[in-house]
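Report on one structure; see the data block that follows.
Model, not experiment: these values are computed from the prediction.
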Amino acid sequence: ADATPVAASLEDAGPQPIGRVSVTDVDSVQALVTVKAEPTALALFVHGPAVANIEVAGNGSAMICLLGDVLDVNAVLGLGGITYVAWPDVHGNTSLQLTVADVVAITTNHANATTLAN
C-alpha cells in the first residue's frame, strides 16, 4: 500500500481540512489507514458523506483509523474529510503521520467435536 506525501502549512485559526491525500493498493481492495497527530494536543475529526461507507475509530482524538474499501477511504481523504484542530495555546511545529496497511480477509474453519462420556 502506498500513500502520496503532502506538505502543508496550517495556521492557528480553528479547524483546518486536510485534503489532497490518497492511498493505493494493487493487491487489496480494502485498506486500514491510520492518521496520527503529534503532539497529542491536536484532534482529528472525520466527517462528510463518504464516512457512511467506512469504519472510523478514534474520532476526535490525536489518532484516527479508517477501514474500508480503498475507493471509499480515498473519498474521505481526498475531499477534506479529515479536519485538524489544535487545542487552545498549542504553538510550534506539529506533524501528521499517515500509515497504510493491507487488509486481508482471514477465514477460520471450525471443527465440531463430540465428547462421549463412559
N74 meets the side chain to side chain contact (heavy atoms under 4.5 Å, CB included) criterion, sequence neighbours left out, with S22, V23, V70, L77

Residue pair Y84 / L44: nearest heavy atoms and the distance that separates them =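 Result for this residue pair: CA-CD2, 4.2 Å.
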
If you take all heavy atoms of A31 and V73, which pair is closest and at what distance?
->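 Distance-wise, the nearest heavy atoms are O-CG2, 4.3 Å.
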
Would you mind writing out the side-chain donor-acceptor pairs for residues 47-62 within the sub-3.5 Å range, not counting sequence neighbours?
from : atom 1 : to  : atom 2 : distance (Å)
H47  : NE2    : T83 : OG1    : 2.5
N59  : OD1    : V46 : N      : 2.7
N59  : ND2    : V46 : O      : 3.4
S61  : OG     : G58 : O      : 2.6
S61  : OG     : M63 : N      : 3.3
S61  : OG     : M63 : O      : 2.7

Could you grab the distance from atom CG of L98 to atom CD1 of I18, nearest 0.5 Å is fine?
->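 If we round to the nearest 0.5 Å, L98:CG and I18:CD1 are 9.5 Å apart.
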
Between atom CD1 of I64 and atom NZ of K36, what is the distance when rounded to the nearest 0.5 Å?
->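 Going from the CD1 atom of I64 to the NZ atom of K36 covers 13.5 Å.
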
When Ile, Leu, Val, Met, Phe, Trp and Tyr are grouped by side-chain heavy atoms lying under 4.5 Å apart, directly or through other members, which residues fall in the same group as F45?
->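 Joined to F45, directly or through intermediates: V85.
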
